[in-house]
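See structure below.
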Amino acid sequence: MREGRYWVGLLILALLGATVASFLVAARSWWMPPEVTAQGHMVDDVIHILLVLGALFFVVAQFFLAFPLLRRGAPTPGGFTPPSLLRMPGIAAVAAVLVLVVADTTVLALSERDWFRLYSAPPRDALQVEVVGRQFQWYFRYPGPDGMLGRVDPRLVSPENPLGLDPRDPAGADDVVTVNDLRLPAGRPVAFHITAVDVIHSFNVPAFRVKQDAVPGRVVTVWTTPLRPGTYEVACAQLCGVGHYTMRATATVETPEAFARWVASQEAARRGETPPTPPLAPPAPGPAGLPAPGAGASPVAFTVVAGQGPSNAGLNFDGTAGGHLVFTVPVGARVRLTLVNRGALPHSLQVVPGTASPPPAALPQPAFPGAETPSPGVGTGPGQTAEATFVARAPGRYLLICGVPGHAVAGMYAVLDVSPSASVRPRATVQY
Amino acid sequence: MEALTHETIREGVVRRYIFSQDHKIIGLQYLFTALFMALVGGALAMLMRLHLGWPQNGLLDPAQYLAAVTMHGTIMVLFFLTTLPSAFGNFLIPLMIGARDMAFPFVNMLSYWTLVPGVLSLLVSFFVPGGPAGSGWTAYPPLSALPQAAPGSGLGQTLWLVAVAFLCMSSLLGSLNFITTILNLRAPGMSMTRLPLTIWALLFTAIIALLVFPVLLAAGLMLLLDRVAGTSFFEPARLVVAGQVVPHAGGDPLLFQHLFWFFGHPEVYILIIPPLGIIADVLATFTRTPVFGYRAIVLGLAGVTGLSFLVWAHHMYVSGMHPLLGGAFMATTIAISVPFSVVLVCLIATLYQGQGRLRLATPLLWAIGMLSVMVTGGLTGLFLGDAPSDLYLHDTYWVVGHFHFTMALAALSGGFAGISYWFPKMFGRMLDERLGRIHFALTLPAMYATFIPMHFLGLRGMSRRLYDVTFYHFLSGAQPVDVFISLSAFVLGAAQLVFIANFFWSLVRGPRADRNPWRATTLEWTADSPPPHGNWPRIPVVHRWPYDYSLPGAPEDYLLQTVPTAASPRGGDSPA
């Protein structure tokens, strides 16, 4: 029976070789993104030490598994006497455990030191940024010139006030809030005060070697010092619902001068001197004056651009997401929506009932007959155009969603406000 | 008890095969339930890989994908790999310690029939509005507590919690029975130091299960109350979900994580300790040598059992708990690697010392495979037990690769070793050796090809449970790796068809097995194959430890535990 066992030993050796080789290949192609902070090397150092130690133990252990199957051993005649601890494999076994204990202790000492450095109190001059996770966006709040974050109250939360900032608190008057857009100056420590408003998210910036769960009901502070200017991605690392995979933001590290300019522009926007975001150019609403209600009248026409720029990872209408774009039409109006897809993914339009959370995908029936582009669950391809014409028969607030699965819950929806007054002027506005 | 033999009990089919109190029938009921759940969980895995390899096809929508992730994890961890040790324990404990049945046969039957409603509840949840639970097998609140937070957090999540509660109660009843039986019903002469390592492993497993399943039950019931009775164990005040303020206040989401992982980490040892015991017995039988370091293995397993209750928060380094706790749990986690590696080193040494006498057979192949994947998974675990490196690798595909190597592949390999080793005793027929080797030779490389590349995705920074990674520029190069993983997973899945075919073909057509086809030493091989109700006409008397292989001067290269020591001048007990 013994002669048939070589293949097993060779199989183990082949797996050993393939695993080591694949790690070497991966080190060139799919390795950690370069770390760009003053502290990130501590994480990388530990990972590298563990990789070397792990590879050593891996090779030795797998080799000892394969070795007995490859040896042309012959049974010693007269039965088997258990080896004493002073001979193979006793010595090897004791040595292996001792080496492991020494290696473990060394790595532990190093890791404990680095762990408490990484979680030390932030320096006093650190830039303070509040990070708030919310299905499925990241909100970043800067305290403004007074250095104080204003009070928030969940009862004040609305599409216009996503964090529930209390307007009566003067400390909040100069707060700057951005959505999925984190700006940081290079070379200055930054303290992230991380929390969430609905479920647990995780603030994960791979290039910063920062990962911290955002837990509703508590604020956890971590800090780092970004050094290299550039744009890095923020990804949610904790399952937070159907749109988890879309919860992406960018972290832009700029020179201190560029950061100061950005802060000044935000302050100016806050005071209302310029629009808060680049002009979104909502398409001109339909014909001026009062559109005659009902079929036959010239329709209220809106053009909606899907995938306009990188906002919300491309999942946007006219560059907006999360219901900030509001179309208002009078009840009974004939509405014609033209979808222009400038994004990289298929998109669609569908009017659905509801004002709060959008459905994950297109519904079987839109809110009004015809109020959807063709095959809203599949969508219209990049560069293509589609139309939907319907009569806004019943007043109320509706959601205008992208029906492609996962897009609406990721924030790709706008609001359609069918006003009970037939005399209201059709318009498209951006409301924050 | 002495009179309860097969001949004296006349039972109908229902009492004999369905509501049976015979430990062997209950063991097989567990075995078939576990294998059925493995098929369901495996099918979900194939579905996930089909989606992840080619996300642009939109096979699943995001809610369906998360449901598949959640149900795959739940079914595999709780309803397959936790149920499999129950199958071995029920079948083997009385047979290996020399008892006629479990200490409480009725409780034993009850434990299986408590599992069944759990299984049904989980299966029914696939068909309810909103679909099955989609908050991961860890079911962290508030996502799992608030129906408005996700489509799967509706009725599906409630049924999930009901299923888990039934599983907890079933495991409690089972582990009570295991401990009582092992401690009290051993045959004359079967001292604790003469127990086969499979039994030691099942004893430690039962102790862990007895202490941690009540905690999971408590956490599950608290979450259930939060959902249906308006309590707020896990929801803090001022939550705003889907634009509405939630009427909960005063709870803490981290409390659930502490309770869950107080169960969750020892649970890993519940899955992995029984296979370690099984392969110890398999290695001894097929190397024809005593297990190297019997006492060191027992002490190592005891050390792992004790420390397993002190490492749970290494799952929570970045959860928001105090970093001092992270420092402490890192020390206990590194410490547990020492007794664990003692066990692994002793098992590898057993193979090494037996190289001259080794007999190749499917159970031995799987024992070697189990050691191979266990070593690999153990080493990748160091990166996650170490807090600074976990800071980067937490919740990435590194974690997915690691825990599949340890608790999935190692437990599965140990399960294959056990099934192929005891199949003749369970069914009285032999498995086909050639198909067994083909199955092994296909499966082990496919395991590595599927799960090693996940470590690269983790190093790249790819988070788990992402429906579509193309949203992220820094993951743009990852898609070819995902395609490779999917293709490997399909090979892995297809290879299991060989096992299923072998299992059912041999069940009907396999050659008849005699009492002791492997010429092994332990007590179950002194009973008929398959053993009748009551196991033996007379309870065997034990005279020696279970590893008297190749004893110098002995007439054969093995001595059954029932052979009196007078018949052979040496051996009889563990040498050290």
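Side chains included, hydrogens not; waters and symmetry mates left out as well; all remaining heavy atoms used. Quick note on labels: first sequence line is chain A, next is B, and so on, each numbered from 1.
In this structure, B/His455 and B/Trp398 have perpendicular ring planes: the angle between them is above 60°, well past the 30° mark. Ring geometry for B/Phe234 versus B/Phe256: interplanar angle over 60°, hence perpendicular rather than tilted (30 to 60°).
For chain B, the nearby parts of A/Leu239 are the backbone and the side chain; heavy atoms of each come within less than 4.5 Å. Using a 4.5 Å cut-off between heavy atoms, A/Ile47 contacts chain B through both its backbone and its side chain. A/Ile12 touches chain B through its side chain: at least one heavy atom from C-beta onward sits under 4.5 Å away, while N, CA, C and O do not. Heavy-atom distances place both the backbone and the side chain of A/Gln212 under 4.5 Å from chain B. Contact of A/Arg218 with chain B is made through the side chain alone, with heavy-atom distances under 4.5 Å. At a 4.5 Å heavy-atom cutoff, A/Val210 makes no contact with chain B through either its backbone or its side chain. For a residue to count as touching a neighbouring chain, one of its non-hydrogen atoms must lie under 4.5 Å from one of that chain's; by this rule A/Val234 touches chain B with the backbone only. Only the side chain of A/Val215 comes within less than 4.5 Å of a heavy atom of chain B; its backbone N, CA, C and O stay farther away. Proximity to chain B (any heavy atom under 4.5 Å) is restricted, for A/Asn204, to the side chain, taken from C-beta onward. Contacts of A/Leu100 with chain B are made by side-chain atoms alone, with heavy-atom separations under 4.5 Å and no backbone atom involved.
Options B/Ala441, B/Gly251, B/Pro323 differ in how many heavy-atom pairs under 4.5 Å they form with chain A, and the most are formed by B/Pro323. Residue with the most contacts toward chain B among A/Phe57, A/Trp31, A/Phe116, A/Tyr119: A/Trp31 (heavy-atom pairs, distance under 4.5 Å). Ranked by heavy-atom pairs under 4.5 Å with chain B, the first of A/Ala18, A/Ala27, A/Gly40, A/Ala235 is A/Ala235.
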Derivation and outcome, side-chain contact (heavy atoms from CB on, under 4.5 Å), residues A/His407 and A/Leu345: CA-CA 10 Å; A/His407 288 194; A/Leu345 300 167; 4.0 Å; yes
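No donor-acceptor distance shorter than 3.5 angstrom exists from the side chain of B/Ser389 to the backbone of A/Val46, with no hydrogens or angles considered. Judged by distance alone, the side chain of A/Gln135 and the main-chain N or O of A/Val242 form no donor-acceptor pair under 3.5 Å.
Atom CG of residue A/Leu51 and atom CG of residue B/Leu459 lie 6.5 Å apart, to the nearest 0.5 angstrom.
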